[in-house]
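What you see below is based on every heavy atom in this structure, not just the backbone, and it leaves out hydrogens, waters and symmetry mates. Chain A is the first sequence line, chain B the second, and so forth, proteins listed ahead of strands; every chain is numbered from 1.
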Amino acid sequence: MKRHIVALLADALEQLKRDGKLPVDADPEIQVERARDRAHGDYAANTAMMLAKVARKPPRELAEAIRAALPPSPDVASVEVAGPGFLNFILTPAARLASIRRAVDEGADYGRGKPGSLGSALVEFVSANPTGPLHVGHGRGAAFGDALANLLEAAGWCVHREYYVNDAGRQMDILALSLWLRYLQAAGEMVPFPEKGYRGEYLIEHARELLSREPRRFIRPAADLADGLSADEPEAYLDALVGRARDALGADDYRAVLDFALDAILDDIRDDLEAFSVSFHNYFSERDLADRIEPAIQRLTDAGHTYKADGALWFRASAFGDDKDRVLRRENGVTTYFAADVAYHLDKLERGFDALVDVWGSDHHGYVPRLRAALTALGADPKRLEVHLVQFAILYRGGEKLPMSTRAGEFVTLRELRDEVGKDAARFFYAMRRAEQHLDFDLDLAKSQSADNPVYYVQYAHARIYSVFRQLGERGLTHDTARGAENLHLLETEHEEAVIDLIGRYPEIVEGAAAAREPHQIAQYLRELAAAFHTYYKAVPFIVDHPALRDARLTLITALRRVVANGLAILGVSAPERM
RNA sequence: GCCCCGGUAGCUCAGCAGGAUAGAGCAGCCGCCUCCUAAGCGGCAGGUCGCAGGUUCGAAUCCUGCCCGGGGCACCA
């Protein structure tokens with residue numbers, strides 16, 4: 001409809017140019033938007049005000065001229081000039097009601113774009129290091145990433161969801177060491193636990209599990225494990241302990257411990273995400289990248305963008321907009337995380353996605369320029385990579401800021417949040433806010449307010465509609481959908497106008513939210529829609545004696561129920577039939 | 001020091017590819033269940049949109065500077 005009105009305006013401007021009332025080179029971008037106020041009609045255009053200067057005419061006079069030049073349309077009932085020179089379009093009732101029929105007929109597809117019509121996107125999100133359970137910061141990334149993926153899919157993208165598993169490198173060694181030490185402790189050995197190890201309770205539990213499966217296999221004399229090591233340099237101390245653990249266990253058993261720890265934690269993360277209604281097509285292992293890192297580095301070298309200095313191999317990132325150059329291969333020959341990430345994104349590009357959508361924690365923002373630089377250096381269009389930064393929630397409990405450290409094991413887990421406020425409330429709560437918005441997350445408040453959470457408000461609208469139909473059955477009546485569809489013109493209270501208007505907007509909301517990559521627009525819209533419904537519900541009885549009017553109202557709330565369900569599905573929130 | 005994000009009602013936040021009177025929820029106050037779920041509805045009150053300039057017919061929205069808050073600036077991942 002919006003495009004239709006733009007086309008009408010374009011025709012009118014051409015007509016005015018032919019009549020010499022407008023300079024031929026006047027070629028404004030025609031902006032049509034939904035009127036914010038229903039008194040301003042359905043759609044509004046500011047075209048006359050934008051053209052007033054070049055046309056050297058007062059905006060209202062110009063608006064009048066455009067109005068007169070508009071070709072007739074079966075969908076437009078009238079056009080008014082208003083305010084400083086707006087053109088307000090009022091649709092015919094039939095045009096306005098068309099969306100109600102579509103919502104009923106198309107059901108779950110209402111508001112969705114043609115599948116794949118916008119291209120293909122790889123959405124990478126969460127990608128939390130597999131060293132411990134997900135915490136509430138990851139929860140925000142999961143909720144945002146999943147909603148964004150759903151949203152893009154709804155708008156017409158073909159979406160692939162991926163979780164990048166950092167299962168290589170030093171942190172895995174520290175994890176293996178930490179698990180092994182807990183295992184020895186569980187077996188009754190007196191071994192000290194390093195300050196910088198992963199201290200979380202979860203590892204103690206995983207260690208007990210390992211001990212019950214393998215009561216003897218990983219036992220080693222460990223009393224002297226730390227002998228002669230200085231703990232003054234905690235990180236170096238940790239690395240030394242890792243070395244001794246590897247020696248004590250031997251390569252095979254060391255690897256077995258590491259894999260056990262990794263599998264246990266990844267399984268836990270997967271279960272957690274599933275319960276959070278988040279799923280992935282693929283968990284991409286950093287280890288599987290092993291043989292692709294050197295070729296990626298080679299490609300950068302072949303293109304002349306690397307050099308050696310201080311014994312390391314550097315990427316000339318500063319030539320592509322980054323602050324400084326970045327190391328690809330360290331002095332000790334080990335490639336960096338960055339090198340792996342370049343290989344990973346090169347792999348994504350080679351898989352042929354039109355858009356690489358990365359959802360990262362905002363603490364990684366300094367990392368964006370170097371990755372973009374690398375892709376540019378490799379000859380890719382840097383615009384294919386878009387990175388969305390999600391601010392971590394800063395947690396407060398009892399007015400105190402909570403420390404968040406995976407290694408120290410001090411964090412509120414996503415699971416705890418879910419147990420406390422429920423999956424739907426947590427998902428909606430996260431989805432309501434813009435991702436880059438800082439979030440003071442007062443746990444006491446969030447938990448105490450759970451009954452006031454707007455998610456219930458929206459879900460209740462859905463459940464209430466089901467309730468109306470249950471009531472209908474109890475009164476021995478049925479909904480004649482054909483009669484309802486034929487009698488939508490009977491819906492003329494102001495409350496019905498408002499609901500019809502909002503349902504008609506839904507496809508535009510999806511399109512706009514997807515284009516802006518802002519799932520929170522869906523949440524905002526749903527609150528508005530639910531509010532319009534609850535007001536309508538209170539003011540107007542649906543189950544009335546007049547059959548045609550009754551069926552028309554039931555058709556309208558059926559359409560509304562569909563839109564609520566479709567919108568909630570994008571946010572990963574359930575649409576209950578009763579509450 | 002440099003970079004990113006934010007500063008809108010008492011609180012938490014929408015609104016920001018400029019547009020017609022700045023919105024919502026919560027908290028506060030006043031009302032509403034012989035009526036399809038009161039997890040609801042109606043109403044009242046609450047704002048120099050951080051500050052100062054600039055661009056524009058028009059600025060919460062764009063530009064510049066400053067102030068305040070958060071985060072980031074690794075041969076960690």
Student: Taking only residues at least two apart or on different chains, which pairs with a member in residues 308-318 of chain A satisfy side-chain hydrogen bond (donor to acceptor under 3.5 Å, both in side chains)?
Tutor: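 Output for this query lists A:Ser318-A:Asp325.
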
Student: Looking at residues at least two apart in the chain, or sitting in another chain, which of them share a ring pair (Phe, Tyr, Trp, His ring centres under 6.0 Å) with A:Phe86?
Tutor: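 Here no residue qualifies.
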
Student: In residues 337-346 of chain A, which residues come under 4.0 Å of RNA chain B by heavy atom?
Tutor: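 Within this stretch, A:Tyr337 sit under 4.0 Å of the strand.
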
Student: Quick test of your reading: applying salt bridge (Lys or Arg N to Asp or Glu O under 4.0 Å), list the pairs with at least one residue in residues 129-139 of chain A, sequence neighbours left out, ordered by first then second residue.
Tutor: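 Listed once each, the pairs would be none.
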
Student: Which residues satisfy the side chain to side chain donor-acceptor pair (under 3.5 Å) test with A:His365, sequence neighbours excluded?
Tutor: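 Not a single residue meets the side chain to side chain donor-acceptor pair (under 3.5 Å) criterion with A:His365.
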
Student: Polar atoms only, N or O, under 3.5 Å: list the protein pairs with nucleotides 28-31 of chain B and their distances.
Tutor:
none

Student: Please list, chain by chain and in numerical order, all residues satisfying side chain to side chain donor-acceptor pair (under 3.5 Å) with A:Gln391, sequence neighbours excluded.
Tutor: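 Here the qualifying residues are A:Ser362.
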
Student: Going by atom type alone, with no hydrogens or angles, which donor-acceptor pairs under 3.5 Å involve a side-chain atom of residues 542-550 of chain A and a protein atom two or more places apart or on another chain?
Tutor:
| unit_1 | atom_1 | unit_2 | atom_2 | d |
| --- | --- | --- | --- | --- |
| A:His546 | ND1 | A:Ala548 | N | 3.3 |
| A:His546 | ND1 | A:Leu549 | N | 3.2 |
| A:Arg550 | NH1 | A:Val544 | O | 3.0 |

Student: Under 3.5 Å for both pairing distances: what stems, at least three Watson-Crick or G-U pairs long, include RNA chain B?
Tutor: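 RNA chain B stems, ordered by first number: B:1-7 with B:67-73, B:10-13 with B:23-26, B:28-32 with B:40-44, B:50-54 with B:62-66.
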
Student: For A:Tyr164, check ring pair (Phe, Tyr, Trp, His ring centres under 6.0 Å) against everything at least two apart and list the hits.
Tutor: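 Partners of A:Tyr164 by the ring pair (Phe, Tyr, Trp, His ring centres under 6.0 Å) criterion, ordered by chain and then number, come out as A:Tyr344.
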
Student: Could you list, one pair per line, each protein nitrogen or oxygen that sits under 3.5 Å from a nitrogen or oxygen of nucleotides 19-24 of chain B, together with the distance?
Tutor:
| unit_1 | atom_1 | unit_2 | atom_2 | d |
| --- | --- | --- | --- | --- |
| B:G19 | OP2 | A:Arg36 | NH2 | 3.3 |
| B:G19 | N7 | A:Asn46 | ND2 | 2.9 |
| B:A20 | OP2 | A:Arg36 | NH1 | 3.4 |
| B:A20 | N6 | A:Asn88 | OD1 | 2.8 |
| B:A20 | N1 | A:Asn88 | OD1 | 3.3 |
| B:A20 | N1 | A:Asn88 | ND2 | 3.1 |
| B:U21 | O4 | A:Asp37 | OD2 | 3.4 |
| B:A24 | O2' | A:Arg527 | NH2 | 3.3 |

Student: Could you tell me which residues satisfy ring pair (Phe, Tyr, Trp, His ring centres under 6.0 Å) with A:Tyr43, sequence neighbours excluded, listed by chain and number?
Tutor: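 With neighbours one apart ignored, the set is empty.
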
